[in-house]
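Sequence lines set the chain letters: A, B, ... in the order given, protein chains first and strands last, and positions in each chain run from 1. None of the values given here were measured: they were computed from a predicted structure.
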Protein chains: 2
Amino acid sequence: MTKAVKETFSPDPAGLAAKVRTLAPSLTRSMRRVAEAVATDPAGCAALTVTGLAERTGTSEATVVRTARLLGYPGYRDLRLALAGLAAHQRSGRAPALTTDITVDDPLADVVAKLAHDERQTLADTAAALDTGQLEAAVTAAAAARRIDVYGVGASGLVAQDLAQKLLRIGLVAHAHSDTHLAVTTAVQLSAGDLAIAVTHSGATRDVIEPLRVAFERGATTVALTGRPKSAVTQYADHVLATSTARESELRPAAMSSRTSQLLVVDCLFVGVAQRTYATAAPALAASYEALAHRHR
Amino acid sequence: MTKAVKETFSPDPAGLAAKVRTLAPSLTRSMRRVAEAVATDPAGCAALTVTGLAERTGTSEATVVRTARLLGYPGYRDLRLALAGLAAHQRSGRAPALTTDITVDDPLADVVAKLAHDERQTLADTAAALDTGQLEAAVTAAAAARRIDVYGVGASGLVAQDLAQKLLRIGLVAHAHSDTHLAVTTAVQLSAGDLAIAVTHSGATRDVIEPLRVAFERGATTVALTGRPKSAVTQYADHVLATSTARESELRPAAMSSRTSQLLVVDCLFVGVAQRTYATAAPALAASYEALAHRHR
DNA sequence: CCCGAACAGAAAATAGCTTTCAGACGTGAC
DNA sequence: GTCACGTCTGAAAGCTATTTTCTGTTCGGG
């Protein structure tokens, strides 16, 4: 025989203020004071115990409980839970006006909120704008490639390295190049069946376009990862993966949001390739995980 | 002397699921079951008493209270209030059902949507969980530092490089090290007035802890950027910046989401420093922009 | 002025939360 | 293997918060 479970009955979490107003005339003096306190400052009251609220309203515990009952809850405990929910709801409703730029004198908490908000926006934009057909083509090319070279300089160089690192981990032959000269000299060795990927936000970075052009002319498959789908880099690209460009400002250079966007595309590319090469990718991932384990204490 | 008022301490109403994930590795079996129940069904758990939740998770009241403490609340009562708030929040938020893992045969469009969703979630969690006090301290230290060394290997190495690159661009003396030997040999040169930053998701990467320890012992200010706020690396860190841990799976290794989180923190750190050194940072940013312009066609 | 009804608060009773303690379970050393 | 040690866990005791009960008070009507 199980013990009877007490159900929490939450009649009307949102319209509590309304209910207080409706009921007010039928409430007694003391009860009204409690009801008003609760309606005025749900968050504050949620933090109080029966005794606390009784003190605050200059009444007794019994009155507080009676009021809670009148408002439709089984007891004060449940009113308090509803109050906490209401408070959370109110907090979230307050849109923090995140549309403004980051300024020199924003407090750090605002900086965090604004950056997070902007990056989230960038991700949503990127996902919405990403052409899955092009991605599909790039994934297929990568999964079948004999060898993959990735070009990127500056901030995009890190993205290029990230992609190469990931692909290496699932057993593909991938290299990232940040040095134009080296990139060009290795690009001449590519041919049909190889894949070259250029990462550049502006789409106009010569150091990256150059090796991609060489790879393109040698017959390798080429992919451009860029925020400007009609820029110079795309003329040598078989497939173009578009990244999104967010609002930028003095304290938030373009490099920052483009990176977020580029990395999402890189992740998609990676997962796509891992799916298609699952038979080799899965054990490779597991093995690299194992290998790293003993590097940790 | 007035009676001490017990404050309701609500450390992290939004990112609770994230916190559970972050703390999970350091939790014991029973505690983890409680934490998971709470993260999985906040609304349901909010309706339960200590005893009820203990029964539901097959543990004891003591364990439930202990878990509540670990999650940062003074006791179960307060956790329950936070849960009620969270539940209300969820009801209004209506999250779409993107909660499933990425599988081998997901079409690419789904992969994109799921990855974008997860990364957005990670960003929100990170922002919610980031301790602005610690960030403030790190920013102040960085802005005043004679020299800044950043340590990171593997995926975190790229994050370390990203941070160093950014700080360099606003005229600070910053270097990223991926080579443990080099990192240690440069760390011995640090002293009070210098800053060392370690980036490691697990918090247990020896190659990164070692140089940080050296820097710490030499009297430099030290910062750890980690997803495990109670891990080995933090014992040598003056300030700990917590990154968030997302759900991971076979096709989505931890490295992927930790990177997103780490980069957000890096951006916050960077913008904070740029604000505090605005007089030199602004012209430096403008100058680096100019300098790059002619590298583009 | 007295009576009755409703109200309010004090105090008792209970339910729920927290703390303590001792046994159980691993873990590492010898 | 086994012994010692530290950690984890749940049972029960202890305490706080909530609920109920009960009695004094107030106010309107006879």
Side-chain angles (χ1 to χ4, degrees), chain A residues 2-10 23-38 44-84 293-294 296-297, chain B residues 2-10 23-38 44-84 204 230-232:
Chain A
T2 74
K3 192 172 67 178
V5 176
K6 191 176 203 171
E7 299 245 340
T8 299
F9 180 36
S10 172
L23 255 50
S26 68
L27 292 176
T28 65
R29 245 191 338 277
S30 315
M31 282 183 171
R32 198 170 311 160
R33 293 174 57 189
V34 175
E36 266 162 23
V38 157
C45 293
L48 297 169
T49 70
V50 198
T51 317
L53 185 52
E55 245 173 54
R56 179 170 176 167
T57 56
T59 63
S60 69
E61 289 98 330
T63 303
V64 172
V65 173
R66 277 192 282 259
T67 311
R69 293 265 161 75
L70 258 283
L71 291 173
Y73 301 88
Y76 175 70
R77 209 185 300 276
D78 301 78
L79 168 63
R80 197 177 169 189
L81 281 175
L83 245 34
H294 82 274
H296 300 317
R297 279 191 216 273
Chain B
T2 75
K3 188 174 70 176
V5 175
K6 193 174 201 172
E7 298 247 336
T8 301
F9 181 34
S10 172
L23 256 48
S26 67
L27 291 178
T28 64
R29 247 192 334 279
S30 320
M31 282 183 171
R32 199 168 310 160
R33 292 176 58 188
V34 176
E36 264 160 26
V38 158
C45 293
L48 296 169
T49 72
V50 205
T51 316
L53 185 52
E55 244 172 56
R56 178 171 178 168
T57 56
T59 63
S60 67
E61 289 97 333
T63 303
V64 172
V65 173
R66 275 192 284 259
T67 310
R69 292 265 160 78
L70 257 281
L71 290 174
Y73 301 88
Y76 176 70
R77 206 184 303 274
D78 301 78
L79 169 63
R80 197 178 167 188
L81 282 174
L83 245 35
K230 297 205 168 164
S231 57

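Listed by chain and number, the residues in a salt bridge (charged side-chain N to carboxylate O under 4.0 Å, His left out) with R69(B) amount to none (sequence neighbours excluded). Residues satisfying the side chain to side chain contact (heavy atoms under 4.5 Å, CB included) test with T57(A), not counting sequence neighbours, are V34(A), A37(A), L53(A), T59(A).
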Polar atom pairs between nucleotides 24-28 of chain C and protein, under 3.5 Å, N or O only, would you list them?
none

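Note: CG (L53(A)) to P (dT18(D)) measures 10 Å, nearest angstrom. Rounded to an integer number of Å, the gap from CZ of R33(B) to P of dG10(D) is 8 Å. For the pair L79(A) CG and dA17(D) P, the computed distance is 17 Å after rounding to whole Å. Rounded to whole Å, the distance from CD on E61(A) to C1' on dT21(D) is 14 Å. Following rounding to the nearest Å, Y73(B) (OH) and dC17(C) (P) show an atom-to-atom distance of 16 Å. Rounded to whole Å, the distance from CZ on R32(B) to P on dC8(D) is 11 Å. To the nearest angstrom, P of dA17(D) lies 11 Å from CZ of R77(A). Taking atom CG on D78(B) and atom P on dA17(D), their separation rounds to 11 Å, with Å as the unit.
Across A46(A) and L81(B), no two heavy atoms sit closer than the pair O-CD1, 3.6 Å. Taking all atoms of both residues into account, the shortest heavy-atom contact from E61(B) to A54(B) is N-CB, 3.6 Å. The two residues R32(B) and L27(B) make their nearest non-hydrogen contact at NH2-O, 2.7 Å. Pairing each heavy atom of R80(B) with each of T49(B), the nearest pair is NH1-CA, 4.2 Å.
Nearest to the side chain of S30(B), among dT18(D), dT9(D), dC7(C), sits dT9(D). Among dC17(C), dG9(C), dT18(D), the nucleotide with an atom closest to any side-chain atom of R80(B) is dC17(C). Of the candidates dA11(D), dG9(C), dT18(D), the closest approach to any side-chain atom of Y76(A) belongs to dT18(D).
A donor-acceptor contact under 3.5 angstrom links the side-chain atoms of R66(B) to the base of dG10(D).
Residue R69(B) is classed as a sugar-phosphate contact, given heavy-atom separations below 4.0 Å to backbone atoms only. Residue contacts shown for G52(B) are absent, as no nucleic acid heavy atom lies under 4.0 Å away.
Checking each of V64(A), T67(A), T63(A) against S30(A) for a side-chain contact (heavy atoms from CB on, under 4.5 Å) leaves exactly one that passes, namely T63(A).
Residue S60(A) is the one, among A62(B) and S60(A), whose nearest nucleotide of DNA chain C lies closer to the 5' end (criterion: closest heavy atom).
Contact annotation: T28(B) does not reach the phosphate of dC8(D) (side-chain N/O to OP1 or OP2, under 4.0 Å). Between T63(A) and dC7(C), a side-chain N or O to OP1/OP2 separation shorter than 4.0 Å is absent.
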